[in-house]
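Just so it is clear, the structure is predicted and the values come from calculations on it, not from any experiment. Sequence lines set the chain letters: A, B, ... in the order given, protein chains first and strands last, and positions in each chain run from 1.
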Protein chains: 2
Amino acid sequence: MAIIRNTIAKKAVFEIIQSNSTAMSQTEIFAKVNNICDRVTVYRILERLVKEVKIHKIVNINGVINYAPCNSCEHEQQVHHDHLHFSCTTCKKLTCISDNHIELNIPSNYQVAEVFLTVSGICPSCSTIL
Amino acid sequence: MAIIRNTIAKKAVFEIIQSNSTAMSQTEIFAKVNNICDRVTVYRILERLVKEVKIHKIVNINGVINYAPCNSCEHEQQVHHDHLHFSCTTCKKLTCISDNHIELNIPSNYQVAEVFLTVSGICPSCSTIL
DNA sequence: TACAATTATGCAACATTGTTGCGTTTATAA
DNA sequence: TTATAAACGCAACAATGTTGCATAATTGTA
Ligand SMILES: [Mn+2]
Ligand SMILES: [Mn+2]
Ligand SMILES: [Zn+2]
Ligand SMILES: [Zn+2]
């Protein structure tokens with residue numbers, strides 16, 4: 001049950017996430033929300049958006065959770081967001097990279113649920129020599 | 001410069017990490033250290049061991065940093081610990097799985113440094129039906 | 001062996017990220 | 001319009017990690 005309501009703050013948070021080209025942390029999102037709501041509310045909204053499969057969580061290589069819109073996520077399965085993420089060591093931006101089917105080579109006695117693949121390095125804009 | 005000393009606490013921490021079959025967080029390591037040193041010291045020892053390429057860091061899927069011995073790490077390159085990690089959703093244990101060469105399919109304008117690949121699911125011991 | 005130089009430690013304080021409880025407000029649908 | 005469940009604000013808490021600084025320990029050298 002539990003009907004999820006579409007509140008002003010929720011719309012704002014989703015709009016912020018969707019209009020950004022890279023993933024964002026709760027801290028970054030809250031900074032953009034312009035005190036429309038409490039920081040705890042942002043956390044709770046993010047939870048709901050994840051549950052609705054409108055956004056997905058990505059743990060960055062420093063351990064901070066980031067959020068990005070679910071554009072290429074398979075809504076049916078509700079669990080597989082198994083695309084690649086790129087974490088730029090220069091600008092610190094975390095980018096979703098779709099279309100990256102990987103072949104895993106895990107011992108068969110391990111039951112795989114989700115795949116988390118993040119690559120660090122230098123992103124195109126940071127590697128451009130001016 | 002900066003000669004790294006081999007202190008009692010450092011030996012103890014390394015021994016704990018090496019004798020454990022799975023990766024451990026600072027919290028778990030400190031719990032085993034039996035008050036031989038302060039918790040801050042454990043953090044600083046872990047830093048040093050990482051610098052020496054004796055252990056490597058793994059960010060678990062919940063964002064907590066774990067540490068495991070560098071058995072299959074390439075000490076020459078000092079950066080590539082690109083083996084797979086398995087995070088069991090049942091027992092919460094994080095295991096290093098060697099021998100997992102993966103083919104990435106990243107746009108060529110991204111400069112890759114490190115690959116972080118963690119798979120969640122159920123580990124062999126948790127999936128054994130008794 | 002004693003000393004000096006420098007690394008390592010303890011402790012307290014702080015920072016960041018995330019969570020929980022609870023009373024109040026608000027959205028939604030009947 | 002009103003009842004009800006969902007969402008919210010606020011305060012407090014928890015977990016994890018960091019920093020500054022005075023003190024202690026290790027190690028090479030005299
Ligand atoms: Mn993504
Ligand atoms: Mn490992
Ligand atoms: Zn960049
Ligand atoms: Zn398990």
Query raised in the report: Below 4.0 angstrom from OP1 or OP2 of D:dT16, is there any side-chain N or O of B:Thr27?
Result: yes

**Report entry** Under 3.5 Å donor-acceptor pair, A:Arg5 side-chain atoms to D:dA5 base atoms
**Finding:** yes

Query - Heavy-atom closest pair, residues A:Thr22 and A:Leu94 - result: CB-O, 3.2 Å

Query raised in the report: What is the distance from atom OG of B:Ser98 to atom NE2 of B:His83, rounded to the nearest 0.5 Å?
Result: 6.0 Å

Query raised in the report: Please give, in whole Å, the distance from C:dT20 P to A:Glu47 CD?
Result: 8 Å

**Report entry** Heavy-atom closest contact (A:Val59 atom, B:Ile61 atom, distance)
**Finding:** CG2-O, 3.1 Å

Query raised in the report: So, are B:Glu52 and B:Lys10 salt-bridged, with charged N and O less than 4.0 Å apart?
Result: yes

Report summary line: Rounded to whole Å, the CD1-P distance (A:Ile65 to D:dA15) equals 16 Å

Query raised in the report: In whole angstrom, what separates A:Asn6's CG from D:dC8's P?
Result: 10 Å

Query - Listed nucleotide nearest any side-chain atom of A:Val64, set D:dG17, C:dT28, C:dT17 - result: C:dT17

Report task. Calculate the interatomic distance between B:Lys10 atom NZ and D:dA25 atom C1'; express it in whole Å. Result -> 15 Å

Requested in this report: Rounded to the nearest angstrom, tell me the gap between atom CG in B:Leu46 and atom P in D:dT18.
Outcome: 10 Å

Query raised in the report: Using a cut-off of 4.0 Å on non-hydrogen atoms, how would the nucleic acid contact of A:Ser25 be classed: base, sugar-phosphate, or nothing?
Result: nothing

Query raised in the report: Does one side chain, of B:Asn60 or B:Ser87, offer a donor that lies under 3.5 Å from an acceptor on the other?
Result: yes

Report task. Grab the CZ-P distance between B:Arg48 and C:dT6 for me, whole Å please. Result -> 17 Å

Query raised in the report: Once you round it to whole Å, what is the distance between C1' of C:dT26 and CD1 of A:Ile3?
Result: 15 Å

Query - Distance, rounded to the nearest Å, where A:Tyr67 contributes OH and C:dT17 contributes P - result: 12 Å

**Report entry** Closest approach of A:Met24 to A:Glu28 (non-hydrogen atoms, all atoms of both residues)
**Finding:** CA-OE1, 3.3 Å

**Report entry** Minimum-distance nucleotide to A:Ile8 side chain [options: C:dG18, C:dA27, D:dT27]
**Finding:** C:dA27

Requested in this report: Please work out which residues in residues 28-44 of chain B have a non-hydrogen atom less than 4.0 Å from an atom of DNA chain D and list them by number.
Outcome: B:Arg39, B:Val40, B:Tyr43, B:Arg44

Requested in this report: Provide the closest heavy-atom pair for B:His56 versus B:Cys96 in the form atom of the first, atom of the second, distance.
Outcome: NE2-SG, 3.7 Å

Query raised in the report: Are A:Thr7 and D:dC8 close enough that a side-chain N or O sits under 4.0 Å from OP1 or OP2?
Result: yes

Query raised in the report: Do any of residues 15-22 of chain B sit with a heavy atom less than 4.0 Å from DNA chain D, and if so which?
Result: none

Requested in this report: Looking only at non-hydrogen atoms, find the nearest pair between B:Tyr67 and B:Ile58 and report the distance.
Outcome: C-CD1, 4.5 Å

Report task. Scan A:Ile36, A:Val42, A:Asn35, A:Thr41 and name whichever one has a side chain to side chain contact (heavy atoms under 4.5 Å, CB included) with A:Asp38. Result -> A:Thr41

